Amino acid sequence: MDGTTIENRIKESIQKNKGRILNVYFTAGYPKLDDTVQVIESLAREGVDLIELGIPYSDPLADGPTIQKSGEQSLKNGMTLETLFSQVKQARVTTDTPIILMGYFNQMLQYGPEKFLSSAADSGVDGFIIPDMPMYVYEEEYYTLFQKYNLSISFLVSPMTSEKRIKKAADLSSAFVYVVSQSSITGKSGEISPQQISYFEKIRNILGDHPSLIGFGIHDKSTYDLACTYADGAIIGSAFIRALNEEGDIPTLVHNFIKKIR
Amino acid sequence: MIESKVSYHPDQRGYYGNFGGAFIPEMLYANVEHLRKCYLEISHSTSFQEEFNSLLKDYVGRPSPLYHAKNLSKKYGATIYLKREDLNHTGAHKINNTIGQILLAQRIGKKRIIAETGAGQHGVATATVCALMGIECIVYMGEIDIERQAPNVARMKMLGAQVRPATSGSKTLKDATNEAIRDWINHAEDTHYIIGSAIGPHPYPDMVTRFQSIISEEIKSQLKEKTGSELPDYVVACVGGGSNAAGAFYHFLEDESVKLVLAEAAGKGIDSGHSAATSILGSEGIIHGCKTLLMQTEDGQIVEPYSLSAGLDYPGIGPLHAHLIKSGRATVYAATDDEAMHSVLEISKMEGIIPALESAHALSVLSQMNLREEDTVVMCLSGRGDKDLDTFVNYLEKKENG
């Protein structure tokens, strides 16, 4: 199976800036329900390469306290999938930056897989990250649906992932391989250790030319630069959500944050 | 019509029919896959079996009695036996599983144990085996459950465990389980997660079921001794996640003449908005790593359940149970808080046994089952009621004050 045949905005954006890709994550409907569009537009204006939009979830197993709390707040704000899709549609009027939805598999199942993917594609979403969808389930049940709607998918690899499985993740990932920097949930903010560096080198050797981004624990310029040394770029989530919490208007907060990163 | 035989055991990928599997983030894959590959071989090995059986006998106090409850039998017009899991060391069936899993954890070289707990029975059972084996133990427990199950929190601490409050979401069992899973992601290399119910990613539901299956193994031989037949007409058990039910049913699954009955917690009533009757209110989805029936919104947000009983207010149900229900092998009834409290008092006064609030739900559904005089019913009395004394006292006071 060749997972790299999806020709969409994500692929273009990765090719354009391979080596320095900045993918910024935030939770849809946070801090306020209607902030989604403005945050997307601000990120696009600052020139980020990919925007990862988190679908708030009641039980986000892979997420640390920062993303958990933003999700809780967003749900309290009244966020639903219908609202999220309409916000993406609205943002698409002004921005062309690729948008990736990150959510949990139960959300896709309960909404109805085809309806979920078609609504996403229709609103202008380009791809997905669904950390608890097993690779075989994607391959056997959903691969053709993702193709049908021209949506990319990215699978995760972690320090405990075997070489065989890393190759499998690369085969199936039609956007990029999501390299989880350490065995942890999101939001850890320490320095990158020598063990992590050798893990990144191992992954790069196995992946060859296949695009990859490092995420989990990337929180400032130095960790972003380091990620760019060992992969095609980085994903920043919790640190950005913390920045959105500070005093000030959204465009300024976003501008100041991105300026500090690159 | 040709009927194909329904299997009640998981396939290679951990599915019971449509339910089960392993839906986990990649960071847990290596651990769960390793468990999947080795749990049967290790737990079937002679050295494991010898140590497991000897601890169940001399440490837990098994076999637990199968008691003919004559007064309840008279009242409900059938022959009722109580499987006395409440008489186990630590006061519930939970220890059967924790003994099995701690022996497994030792054999795969894990140095640190985590667990989730609702009522605290599984937490105590985990803290107990960790004390016995000298292994570090961390138990996640919802902040609300810490309040309503204070005696069990004290017991866990005495046994040397660290009790960490889960402060997210509904602050009960579901959230304690999320926190335990997050801890496992953060400590995947040295830690074994002892799940207390027949839930979670494959192989957990099967592993827990097998360690609990001692319950039905004993029921069979004890019933044979008492009645001449090893098969009752009914086996009844309460279900939250479903470990005592899984254990009480296991050796009867293929005996289709034995009717399997699950008692769910209806809380304040199934349609009250404060319920934990998962099989009725739930739909297919994924919770804590397995596909099963769970209570959720149209958007797939998991709904916070309610039951007065901390061991039953779980929004999901084990995948084996979902399969038993959907295939028609098991029947579900629900009992409200009030009905369960009534049963607590009834068992206490009629048989001199104070049951756990969870276990009392099983008695509450007998009156819905249209029992006949010739029926033999085995009810799993999964735990004792000491831990619930505060809840009982508060409830009775409220009733008295109107």
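Proteins come first, then strands; the chains are lettered A, B, ... in the order of their sequence lines, and each starts at number 1. This structure is a prediction, so every number in the text was calculated from the model and none was measured.
In terms of heavy-atom pairs under 4.5 angstrom with chain B, the leader among A:D63, A:D132, A:V180 is A:D132. Contact count against chain B (heavy-atom pairs under 4.5 Å) is highest for A:R165 among A:Q68, A:Q182, A:R165. For the set B:K291, B:R13, B:E298, B:H288, the count of heavy-atom pairs under 4.5 angstrom toward chain A peaks at B:R13. Most heavy-atom pairs under 4.5 Å with chain B: of the set A:T161, A:V137, A:I55, this distinction falls to A:T161.
Residue-level contacts of residues 185-196 of chain A with chain B, in order of numbering, are A:I185, A:K188; threshold 4.5 Å between heavy atoms. Within residues 105-117 of chain A, the residues having any heavy atom under 4.5 Å from a heavy atom of chain B are, by residue number, A:F105, A:N106, A:Q107, A:L109, A:Q110, A:Y111.
In B:K171, the NZ atom is crowded: over 12 heavy atoms of neighbouring residues, nucleotides or ligands sit closer than 6.0 Å. Within a 6.0 Å radius of CD in A:E140, more than 12 heavy atoms belonging to other residues, nucleotides or ligands are found. Atom NZ of A:K202 has more than 12 heavy atoms from other residues, nucleotides or ligands within 6.0 Å.
Contact annotation for A:F216: only side-chain heavy atoms (C-beta onward) come within less than 4.5 Å of a heavy atom of chain B. Heavy atoms closer than 4.5 Å to chain A are found nowhere in B:E33, neither backbone nor side chain. Only the side chain of B:Y29 comes within less than 4.5 Å of a heavy atom in chain A; its backbone stays farther off. Only the side chain of B:L294 comes within contact range of chain A, with at least one heavy atom under 4.5 Å from a heavy atom of that chain. In this structure, the portion of A:V157 lying under 4.5 Å from any heavy atom of chain B is its backbone and not its side chain. Looking at A:P65, neither its backbone nor its side chain comes within 4.5 Å of chain B, counting heavy atoms on both sides. For chain B, the nearby part of A:Y136 is the side chain; its heavy atoms alone come within less than 4.5 Å.
Considering all non-hydrogen atoms of both residues, A:A62 and B:M27 come closest at CB-CE, 3.9 Å. Pairing each heavy atom of B:A188 with each of A:M160, the nearest pair is CB-SD, 3.4 Å. Of all non-hydrogen atoms in B:G300 and A:Y57, the two that sit nearest each other are O-CE1, 3.1 Å. Smallest separation of non-hydrogen atoms from A:E72 and B:S168: OE2-CB, 3.8 Å. The two residues B:Q301 and A:L75 make their nearest non-hydrogen contact at NE2-CD2, 3.4 Å.
Atom-to-atom distance recorded for B:Q296:CD and A:S58:OG is 9.0 Å, nearest 0.5 angstrom. In this structure, CG on B:D299 lies 5.5 Å from OG1 on A:T80, to the nearest 0.5 angstrom. Taken to the nearest 0.5 Å, the NE2 atom of B:H187 stands 10.0 Å off from the OG atom of A:S184.
Checked by atom type, the side-chain pair A:S183/B:E189 shows no donor-acceptor distance below 3.5 Å.
Between A:D59 and the choices B:I181, B:T177, B:I286, B:N178, the side chain to side chain contact (heavy atoms under 4.5 Å, CB included) rule is met once, by B:N178.
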